[in-house]
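See structure below.
Lettering of chains follows the sequences in order, A, B, ..., and the numbering in each one begins at 1.
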2 protein chains.
Amino acid sequence: MQPQIDKVSDAPLREFVGYHIKRAFNVIQADLNDVLSRFDLRMISYSALVLIVENPGIRQSQLATALAIERPNLVVIIDELEKRELITRDRLLTDRRAYLLQATLAGRRLCDKAATAVGAHEEALFEEIDKDTRSSIVDALNRIEAKSREDRS
Amino acid sequence: MQPQIDKVSDAPLREFVGYHIKRAFNVIQADLNDVLSRFDLRMISYSALVLIVENPGIRQSQLATALAIERPNLVVIIDELEKRELITRDRLLTDRRAYLLQATLAGRRLCDKAATAVGAHEEALFEEIDKDTRSSIVDALNRIEAKSREDRS
DNA sequence: CATAATGATTATGTTCTATAACTAAATACG
DNA sequence: CGTATTTAGTTATAGAACATAATCATTATG
């Protein structure tokens, strides 16, 4: 008789916290992209817009580093935000190689609206998890992130 | 005077737990792929191997569902595991459309070794986080995951 | 028995991401 | 100075990851 499986067990993978993080992140990302699609934004372009709003005059290279993506891949994202007139791309007078990125009024407004919607969805996803638990999760995640920085140093 | 940024602030994004989850997951994934490269495995092929070891006789369609990937994309992964003689792909006698996937002895051994290495790296990443916190994190992540299941039902 | 549905595969296309090579401008230094 | 090197941004391109449509063989349905 050949062995057959009716219910698939992923018990060994569930031993790893990283596995749970990946599965939860998949849910969060799907939800986030769903919300952002209403604003014609994706996770990466939304993040870029937020950082430009928060850091007026940021350079593309700084933005690429902050987003942890390669410079060439940022170009197309910036192109689109500029074409939609959500940001401006002006030459830096003191260094004519660089561009200064700044959000337009429309960009700041869209960013605000999107942030509100994203926040509401986050709240819905995390509603069962109390504030203390959330902050201990964030603290733990920050520690993990810090691990990779100490590796590189 | 043009505005310029010396230190980039991502404060608005840090408001979102999902942002921290993404950043931590990037670190975990990089570390994991680094560990698995020693066994010529990637995250996805390792996960597949684990599920085949744990569920002898699993079908490709069941495995694709468990891994949350499309069937066509699983084929190449299974091809490689079979070519490396880590798994076998046998016709199911009662349904000659389907294949039964089973790990070979070499597959189980590689899986064990990889799991040990992965576990050690997880432990290193999470060393600062005590057991109670870890299980409350896992519990919270499971609740988030459950959210998407209740959406689909 | 004809039709529909299923498991796996092939072919194909899209998106994401990384690398190399290039232009223009700024800096380093002999 | 002026030549070499570095930096900011871009273009071109290639690979990996992921999704869709079409196909073949087989099984289930009416």
Please determine if Asp31(B) and Lys147(A) form a salt bridge, counting it only when a charged side-chain N lies under 4.0 Å from a carboxylate O.
-> no
Nearest-angstrom distance from the residue atom CZ of Arg91(A) to P of dG9(D) | 9 Å
Mind calculating the distance between CG (Leu92(B)) and P (dG7(C)) to the nearest angstrom?
-> 11 Å
Between Leu74(A) and Arg42(B), just flag the one whose closest nucleotide in DNA chain D comes earlier from the 5' side.
-> Leu74(A)
Give the nucleotide from the list dA18(C), dT10(D), dT9(C) with an atom nearest to the side chain of Gln60(A).
-> dT10(D)
Does a distance-only test, which skips hydrogens and angles, find a donor-acceptor pair under 3.5 Å between the side chain of Asn73(B) and the base of dA19(D)?
-> yes
Nearest-Å distance, CD (Glu70(A)) to P (dA21(C))?
-> 16 Å
Using only side-chain N and O atoms of Gln62(B), determine if any of them is under 4.0 Å from OP1 or OP2 of dG7(C).
-> no
Judged by atom type as modelled, is there a donor-acceptor pair below 3.5 Å linking the side chain of Arg108(A) to the main-chain atoms of Ala103(A)?
-> yes
N or O in side chain of Ser61(A) less than 4.0 angstrom from dG9(D) OP1/OP2 | yes
Euclidean distance, atom CZ of residue Arg71(A) to atom P of dG9(D) [Å, nearest integer] | 8 Å
What nucleic acid atoms does Arg89(B) come within less than 4.0 Å of, heavy atoms only: base, sugar-phosphate, or nothing?
-> sugar-phosphate
Contact nearer the 5' end of DNA chain C, comparing Arg59(B) with Pro72(B) | Arg59(B)
Mind calculating the distance between CD1 (Ile58(B)) and C1' (dA8(C)) to the nearest angstrom?
-> 15 Å
Starting at CD of Gln29(A) and ending at P of dC16(C), how long is that distance when rounded to a whole Å?
-> 10 Å
Going by atom types alone, do Tyr19(A) and Arg23(A) pair a side-chain donor with an acceptor below 3.5 Å?
-> yes
Asp95(B) has an atom CG; how far is it from atom C1' of dA5(C), in whole Å?
-> 12 Å
Of the candidate nucleotides dA26(C), dG9(D), dT9(C), which contains the atom at the shortest distance from the side chain of Arg97(A)?
-> dA26(C)
Ion pair present between Glu15(A) and Arg134(B), side-chain N to carboxylate O less than 4.0 angstrom?
-> no
Nearest-Å distance for atom pair CE/C1', residues Met43(B) and dC18(D) | 13 Å
Taking OP1 and OP2 of dT26(D), is either one under 4.0 Å from a side-chain nitrogen or oxygen of Arg96(B)?
-> yes
Say whether Leu100(B) and Val75(B) are linked into one hydrophobic cluster, either directly or through other cluster members, by side-chain heavy-atom distances under 4.5 angstrom.
-> no
